[in-house]
Colleague: 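I have a structure I would like to understand better, so I am pasting it below and will then ask my questions one at a time.
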There are 2 protein chains.
Amino acid sequence: MTTGAQRLEAARHRLESLGVRLTPQRRVVLEVLAAQPERHFSAQELYERARRRAPALGLATVYRALLLFERAGVVSRLNVGQEEDRFEFELERGHHHHHLVCLGCGRILEFKEDLLEDLEARIQAETGFQIVDHRVHFTGYCPRCRARGVAPPSP
Amino acid sequence: MTTGAQRLEAARHRLESLGVRLTPQRRVVLEVLAAQPERHFSAQELYERARRRAPALGLATVYRALLLFERAGVVSRLNVGQEEDRFEFELERGHHHHHLVCLGCGRILEFKEDLLEDLEARIQAETGFQIVDHRVHFTGYCPRCRARGVAPPSP
DNA sequence: ATGCCTGCAAACATTTTGCATAGCG
DNA sequence: CGCTATGCAAAATGTTTGCAGGCAT
């Protein structure tokens, strides 16, 4: 099992190899993310958390860091529904999981598995589109909301 | 093959059965969408097009109509990258296609096929999450951008 | 000394809301 | 008549940008 420290080290490596300097501010942002993988932070949340350790930090810096990290493949961005973007630490490429977005309470659950490699290969072969990454999310109702009767009857 | 008229009829039916009134404004928005399935309109684009037929139409009305249509399953919303939301007519439920978003030029290509039914079934069985719909998009580089050398070398 | 990085504030784009009016059932 | 839908303008939201000052190389 990978520890937080190992993940961080891997991320640092990747950033360095791409010539992205890990400034104090960026490091704090990265560490907050790496401390809790499997969590989906909004830029705002991240900002607040990071500010506990770097009170002078600016929100714009957080956005800039996230963009950088995203491009480096160290962080991935989640666009779901009407909400703000969420960010999460990306352990390693090709090791995806899917997101289950609850229409009742907005929670994001995860499902660890990625069965899209075959499909990716087919798409590349058939269309010539060179795939870099993919995003999948399922919308629906989580067990909790179903239990509370929030979910509509299945059609 | 389904015609635009048939699609519209199906949509009208669905809206009616859900008690959503098809006012003149909504009808125009729906018709613009139905006239070109396989296209991904921003609210703004839609607004401009619809206004040719209903010059007094307000942008807010377009947004309100889209929300309604989305909830009724007649239109689906696409969240991709940093861009505004895009909307497209949804032919019929369970008849999905995937989106290929080009990082080079921003174009959205489509890939007609949906292999996620099995996965959906498994997720529902294993997690108790009741899936209503899913969104998949692949990011990468389209053939045109690859030809122009915009795509980075594969890693 | 140069150039990237930062914080702040202002700008921006998209989407939502409040409200008075108009139209339908 | 009451209720919903509409247009307009203003507000809210999330994100990006410009710029002056700092820090590191």
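Computation of the quantities below employed the complete heavy-atom set of this structure, encompassing side-chain atoms and omitting hydrogens, waters and symmetry-equivalent molecules.
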Colleague: Do A/E70 and A/E90 have side-chain heavy atoms sitting under 4.5 Å apart?
Modeller: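 No, every pair of side-chain atoms sits at 4.5 Å or beyond.
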Colleague: Do any side-chain nitrogens or oxygens of A/T23 fall under 4.0 Å of OP1 or OP2 in D/dA24?
Modeller: no
Colleague: Could you verify whether a donor N or O on one side chain and an acceptor N or O on the other, from A/H98 and B/H134, lie under 3.5 Å apart?
Modeller: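 No, B/H134 and A/H98 have no side-chain donor paired with an acceptor closer than 3.5 Å.
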Colleague: Can you tell me how far P of C/dT16 sits from CZ of B/R77, to the nearest Å?
Modeller: 6 Å
Colleague: Please determine whether a side-chain nitrogen or oxygen atom of B/T61 lies at a distance below 4.0 Å from atom OP1 or OP2 of D/dT6.
Modeller: no
Colleague: Would you tell me if any nitrogen or oxygen in the side chain of B/R64 comes within less than 4.0 Å of OP1 or OP2 on D/dT6?
Modeller: no
Colleague: Want to settle it: does A/Y47 or B/A43 sit nearer the 5' end of DNA chain C, counting the closest nucleotide to each?
Modeller: A/Y47
Colleague: Tell me: CZ of A/R27 to P of C/dC5, nearest whole Å?
Modeller: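 That distance rounds to 15 Å.
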Colleague: Using atom CG of A/L59 as one end and atom P of D/dT13 as the other, report the distance to the nearest whole Å.
Modeller: 14 Å
Colleague: Just how far, in rounded Å, is P of D/dG14 from CG of A/D85?
Modeller: 10 Å
Colleague: Which pair of heavy atoms, one from B/E45 and one from B/H40, lies closest together, and at what distance?
Modeller: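 Looks like OE1-O, 3.7 Å.
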Colleague: So, is B/Y63 near the phosphate of C/dT15, with a side-chain N or O under 4.0 Å from OP1 or OP2?
Modeller: yes
Colleague: Measure the distance from CZ on B/R26 to P on C/dG23 and round it to the nearest whole Å.
Modeller: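 For the pair B/R26 CZ and C/dG23 P, the rounded distance is 16 Å.
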Colleague: Please report, rounded to the nearest Å, how far the C1' atom of D/dG22 is from the CG atom of A/L57.
Modeller: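 For the pair A/L57 CG and D/dG22 C1', the rounded distance is 15 Å.
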Colleague: How many whole angstroms separate atom CD of A/E84 from atom P of D/dA12?
Modeller: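 The answer, rounded to whole Å, is 17 Å.
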Colleague: In whole angstrom, give the distance that lies between atom CZ of A/R21 and atom P of D/dA24.
Modeller: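 Rounded to whole Å, this separation is 9 Å.
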Colleague: Salt-bridge test for B/E48 and B/R51: reply yes if a basic N is under 4.0 Å from a carboxylate O, no otherwise.
Modeller: no
Colleague: Is the phosphate of C/dG7, meaning OP1 or OP2, less than 4.0 Å from a side-chain N or O of A/Q25?
Modeller: yes
Colleague: Check whether A/R77 reaches the backbone of A/D85 with its side chain - one donor and one acceptor, N or O, closer than 3.5 Å.
Modeller: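 Pair absent, no side-chain N/O of A/R77 close to backbone of A/D85.
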